[in-house]
Amino acid sequence: MKKTVDISLPVGPVHPLFKEPCRIKCETRGEYVLSAEVELGYVKKGIERIMRGRPWQEVMFLAERVCGICSVIHNYTFIEAVEKISGIIPPERAAYLRVIVNELDRMQSHLLANYSYCYTIEHETLAMYVLNLRETVMDQLELITGARVTCAYIIPGGVRWDLPDDRAESLKSALDHIDSELTRFVRIFETGPFIALRSKGIGILTKEAAEAAYAVGPTARASGISVDCRSDHPTYQALGFSPVVRHEGDNYARIMARFDEVFQSVNLIRSALLKMQPGPVRGGGVIQAGSIQYRMEAPRGELLYDLVTDEYGRILEIAIQTPSIMNIQVCAHEMLTDAESAADITSIFISSDPCIACTER
Amino acid sequence: MEYLYEKDLRRMKLLILESRRHHAVTIEIAAILGIKPQAARKILIEECDMLLLENLPARCDAARKKGNEIEQKLGIHMLTQATHLISPDAGQKAVADVIEKIESGLEKEIALEEGRTGILELIRS
Amino acid sequence: MSIIQKLKNTIRSRSIHVCYVNVGSCNGCDIEILACLSPRYDIEQYGIYVHNNPREADVLLITGAFSPQWEDKLKPLWEKIPHPKVAVAIGNCPISGCVFNRPETLVDPPVSKHIPIAAEIPGCPPRPTEIISTILSLAPLIFKDYEEKKQ
Amino acid sequence: MTSIIWYIREFLRPAWISRFLTAKTEPLVTPPYFRDFPVTTENECTQCLACMMICPAPEAIIVVKREGVWRPEITKGHCIRCGLCVEACPEDVLASGRILATKKEEKLLLSGTYHISINPKTCMGCGNCSVVCPVNREIDPSLRSSGTSRSNEVIMRVDTGQNKILHEEKCTGCKTCEEHCPNNAIRVARVVEATEGGKL
């Protein structure tokens with residue numbers, strides 16, 4: 001009898017389908033994946049080390065550059081954490097503006113993740129549709145904040161500037177456009193037979209494994225765990241938020257959960273625009289000493305900032321726990337194990353929306 | 001197994017463990033095993049891959065509250081589920097041993113201490 | 001100049017293969033390069049193809065400050081690109097290290113210490129329009145009359 | 001057959017051929033509201049160093065004297081285009097995108113106070129910070145040539161092997177000292193408050 005040779009299959013660090021460098025080492029028998037290991041360290045910048053001893057104006061920008069894709073939420077979480085320490089309450093209009101910018105950022109991040117997935121399973125048409133729709137969101141983000149990616153819109157005590165009515169109107173019409181277009185794309189995704197072949201029943205993550213590895217965000221919500229830090233946030237509670245949960249736990253569920261969350265974000269922005277009353281957007285206030293652990297929901301899941309400040313508002317100690325850490329770990333150690341084909345390695349990996357820059361900081 | 005482009009990852013793993021939350025977890029695991037934090041760090045660097053090390057605080061958060069009193073005192077779920085230092089079967093066996101010793105009349109503290117030594121042997125072997 | 005050279009110049013200016021490598025960026029520049037692919041900016045209408053295989057590329061786009069893992073990897077990657085080749089630094093990180101270039105950092109900018117950089121696009125991150133216009137203006141200049149320059 | 005002829009005729013139209021060969025998306029434009037690198041306006045710089053104080057990127061902005069006038073200079077490749085310097089400048093010397101117009105309209109203000117702290121364990125009294133401090137050099141011009149100061153009016157001065165803070169309130173928060181300290185012993189805390197509508 002011919003002996004089956006076990007092959008160790010490395011993918012990366014530079015791979016056509018990855019936006020970022022990382023190295024997946026898969027132990028395979030034929031096409032069947034026995035186990036996988038991810039090697040990191042390609043984008044380790046030591047952000048937490050740099051942040052120590054710096055005032056908020058510098059740490060705010062460093063926090064934003066933990067991850068370029070979900071930059072707004074890092075800014076948002078850091079600022080709300082230091083605000084909680086010093087007891088600063090932002091004006092109501094500023095709170096709603098923060099939600100609007102954050103949800104726009106979530107939309108572009110989810111659309112980018114779904115673009116990557118569609119591109120990975122070689123459905124390039126849908127991928128380009130989704131990527132072009134993302135540009136509409138980016139335009140709105142630029143219109144409100146003045147920059148496409150690293151917006152630096154949220155500062156302690158409020159936001160940088162107001163959203164005048166003409167820009168709000170343009171935002172509303174863009175939301176209508178996104179709503180109608182995305183409904184079409186989601187129908188393409190749902191009914192595509194080849195998409196179903198590459199997505200349904202592949203890369204299954206069970207609820208138990210997700211709980212043990214502390215999976216978060218759309219990855220966990222697609223496996224039937226209803227966790228979303230937004231339901232604890234007062235502004236989101238005022239907007240009537242409830243998380244999107246699916247139960248299949250495969251690639252398809254994760255992508256659909258993200259599409260559903262984009263629709264949810266559209267509705268959240270609409271209701272925030274309705275509820276917003278004219279008023280000030282900056283309340284002032286200085287950062288004081290204290291320590292806090294603050295959690296918020298990033299596009300990829302729960303984001304934790306654990307920080308200590310001194311009496312002049314400098315950051316003494318900081319630890320950032322980003323959602324990608326948990327999601328990539330559960331992806332590499334649970335989903336990739338027992339993948340039927342080597343071609344599914346990349347699609348499973350991309351479906352968990354990995355962000356290596358977040359993971360390593 | 002030998003890989004091409006393979007590098008010594010120990011320095012990078014140490015950089016991961018330097019972080020504030022990782023430092024707290026290392027001390028906690030050291031306390032569970034009854035050894036110095038430096039020794040615990042060495043065990044973690046040798047046994048875990050980079051991704052597991054990054055995810056250590058979150059996994060420990062999930063595992064910390066699990067299990068009954070004996071399991072919590074031994075930190076079995078921290079060692080099996082969170083860090084994969086010992087296999088789940090070996091962990092259950094260690095717990096069963098300790099419970100047996102307590103039932104056979106040994107004092108609880110001493111039994112726990114013996115269990116801890118047994119687990120450390122298991123990890124080091 | 002021979003007629004073949006002229007033909008080569010014309011073809012080269014309409015067919016630029018691009019490979020990008022992230023040597024420790026925050027992803028911000030990477031997604032701006034990705035946005036260039038979208039039908040809005042449509043980088044392919046100018047004949048620029050993103051390949052991500054260094055052996056097929058003419059232009060290497062570098063994002064990110066230089067992280068320690070790349071010390072032994074970037075140079076071989078650069079050597080794998082066939083001539084004529086050119087490297088473009090995208091964003092502040094490969095130029096100066098951006099906000100990461102502080103005491104206690106792990107990165108080692110600028111990237112020009114390790115491989116020759118032909119052009120720099122400042123910005124954190126640069127807009128897709130800036131990236132496209134730089135590649136478009138740079139590539140024909142570099143690749144023009146390559147064979148004659150070599151002699 | 002007729003359809004083939006129709007197709008050939010359709011594709012031989014000059015308009016179709018020219019569109020086929022020159023298909024391009026709309027020209028690439030940068031919108032006017034984009035926060036680009038700050039540019040200087042007509043207004044006169046008073047060398048308050050507020051821009052250097054707020055700037056989060058190392059070596060991105062520096063206020064220098066050129067041909068007898070102080071001007072802020074932006075270094076491309078270091079500037080991250082955050083626009084905070086435009087907001088912080090009290091004299092509206094800098095402009096970027098529509099930040100300056102918004103700032104005037106909504107009366108946005110970033111104002112700060114500064115605190116210098118020196119770690120006595122790591123400070124070795126080299127005096128780099130006292131020499132490079134722009135305010136020190138303004139107060140005591142002899143620093144430029146001799147490198148030592150006798151004046152009691154300076155912000156800080158090396159005294160008996162340790163750097164001593166004399167006048168913390170004169171600090172403008174430019175953090176030049178931080179960048180030049182070989183041991184990272186000196187830290188400038190900038191307590192910045194963001195306000196709106198001109199009230200503090």
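The analysis underlying the following values was restricted to heavy atoms, covering all of them including side chains, and did not include hydrogens, waters or symmetry mates. Labels below follow one simple rule: chain letters A, B, ... track the order of the sequence lines, proteins then strands, and each chain is numbered from 1.
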Among A:C67, A:S324, A:P323, the one residue meeting side-chain contact (heavy atoms from CB on, under 4.5 Å) with A:T359: A:S324
Top of A:V308, A:T322, A:V216, A:I328 for chain B proximity - count of heavy-atom pairs under 4.5 angstrom: A:I328
Residue among A:R49, A:E317, A:Q321 with most heavy-atom pairs under 4.5 Å to chain B: A:Q321
Crowding at CD, A:Q293 (>12 non-hydrogen neighbours, <6.0 Å): yes
Given a strict heavy-atom distance threshold of 4.5 Å, which part of [X] is in contact with chain B: side chain, backbone, both, or neither?
| X | result |
| --- | --- |
| A:I318 | backbone |
| A:Q329 | both |
| A:V330 | neither |

Contact summary for A:P218 and A:R254, nearest pair of heavy atoms: O-CG, 4.4 Å
Distance-minimising heavy-atom pair for A:C331 and A:F349: SG-CA, 3.7 Å
Check: B:I35 and B:I43 side chains under 4.5 Å, non-hydrogen atoms: yes
Contact leader toward chain A among B:K13, B:E18, B:H23, B:E54, where contacts are heavy-atom pairs under 4.5 Å: B:E54
